[in-house]
Student: 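One structure is given below, represented as structure tokens, and several questions about it will come after.
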2 protein chains.
Amino acid sequence: MVLKVRPKVQALPGCPMSKCMGLLGGLWTPELLWALSNGPRRFSELRRDCPYISAKVLTSRLRDLEQRGVLTRAVMPTSPPTVEYGLTALGEDLLPAIRSIVEVGSRLLLKDGPPATD
Amino acid sequence: MVLKVRPKVQALPGCPMSKCMGLLGGLWTPELLWALSNGPRRFSELRRDCPYISAKVLTSRLRDLEQRGVLTRAVMPTSPPTVEYGLTALGEDLLPAIRSIVEVGSRLLLKDGPPATD
DNA sequence: CTGTATCCCCGTGGATACTG
DNA sequence: CAGTATCCACGGGGATACAG
């Protein structure tokens, strides 16, 4: 048998769907990649982009994505430390899916979501 | 304030990304929608489509998606009960995102994933 | 065939406090 | 500024057994 223990984050290894979802799974991951799609951003900027994320979770997601080769982490040796996160080639590869998700979500919000005009 | 308790499955209510991800979040959800994109399927067929899913989880995901209006559940009054699940209009709306995810995943598998033939 | 009912594991995510 | 360190809650997901 191929699978005694699944990665838990990946339903079906070898499956395109799972391959991609394993990368952008996690509550905040898509938001982060979306934020980074406009160019590199710093830790505090990402916190502002994801208002309700905690520092711990942000760090762990960031580390995770870095380890998976989705993004890069660059520490600038400035007096107050400055860190910039940016997408790798792999991270860029994910953008079409991200964009598609955003598009679909936008359409759904227009439909059932009351415009709310606010 | 707006958010004491978040739905947990939706990072930022009102955000297109979260709107969409809230629907196709969950380990097996995308796989199920993908399986249903070819037309209605029965419970046992879905089990075969997702080899490692348990009956409990399959049921709960199915019920969840039904309640969210993503799919329909039709019980055929046959001697051995037969149940067919199919996508609703909302479910179909999600397909572009699903397809995009599959495409991205396929490309990723081609790149880093050695054919492995296993 | 199509589920239910339990029980349990564990990872994600959150809150808070502290640090170089 | 950019994290670490704890501790905790929750729910998803899994295994197994049973049921209409």
Student: State which of dG13(D), dA2(D), dT2(C) makes the closest approach to the side chain of S44(A).
Tutor: dA2(D)
Student: Respond yes when some side-chain nitrogen or oxygen of Y52(B) is under 4.0 Å from OP1 or OP2 of dA15(D), and no when none is.
Tutor: no
Student: First locate atom CG of L46(B), then atom CD of E84(B), and finally report the distance between them rounded to the nearest 0.5 Å.
Tutor: 10.0 Å
Student: How long is the line joining CG of L27(B) and P of dC10(C), in whole Å?
Tutor: 17 Å
Student: If I take atom NZ in residue K56(B) and atom C1' in nucleotide dA5(C), what distance separates them, rounded to the nearest angstrom?
Tutor: 10 Å
Student: Tell me the interatomic distance from R42(B), atom CZ, to dT2(C), atom C1', rounded to whole angstroms.
Tutor: 9 Å
Student: Between atom CH2 in W28(A) and atom P in dG13(C), what is the gap in whole Å?
Tutor: 9 Å
Student: Starting at atom CD1 of I53(B), determine the distance to atom P of dG12(D), rounded to an integer number of angstrom.
Tutor: 13 Å
Student: Can you list, by residue number, the residues of residues 57-65 of chain A that have a non-hydrogen atom closer than 4.0 angstrom to DNA chain D?
Tutor: T59(A), R63(A)
Student: Determine whether a donor-acceptor pair (N or O, by modelled atom type, separation under 3.5 Å) exists between the side chain of T59(B) and the backbone of A55(B).
Tutor: yes
Student: Looking at DNA chain C, which of residues 70-83 of chain A put a heavy atom within less than 4.0 Å of it?
Tutor: P81(A)
Student: How many Å lie between CG on L32(A) and P on dA2(D), as a whole number?
Tutor: 14 Å
Student: Taking it one step at a time, do R73(B) and L62(B) satisfy side chain to side chain contact (heavy atoms under 4.5 Å, CB included)?
Tutor: CA-CA 9 Å; R73(B) 178 173 178 270; L62(B) 251 19; over 6 Å; no
Student: Taking CD from E84(A) and P from dG3(D), how many angstroms apart are they, rounded to a whole number?
Tutor: 12 Å
Student: Answer yes or no: is there a donor N or O on one side and an acceptor on the other, between the side chain of T88(A) and the main chain of G69(A), under 3.5 Å?
Tutor: yes
Student: Closer than 3.5 angstrom, by distance alone: can the side chain of S60(A) be matched with the main-chain N or O of V57(A) as a donor-acceptor pair?
Tutor: yes
Student: List for me each residue that meets salt bridge (Lys or Arg N to Asp or Glu O under 4.0 Å) alongside R107(A), sequence neighbours excluded, and say none if there are none.
Tutor: E103(A)
Student: Can you tell me how far CH2 of W34(B) sits from SG of C50(B), rounded to the nearest 0.5 angstrom?
Tutor: 13.0 Å
Student: To the nearest 0.5 Å, tell me how far I101(A) CD1 sits from L95(A) CG.
Tutor: 11.0 Å
Student: Mark yes or no for whether S106(A), through its side chain, and V102(A), through its backbone, hold a donor-acceptor pair below 3.5 Å.
Tutor: yes
Student: Could you tell me the separation between the CZ atom of F43(B) and the C1' atom of dG20(D), rounded to a whole number of Å?
Tutor: 14 Å
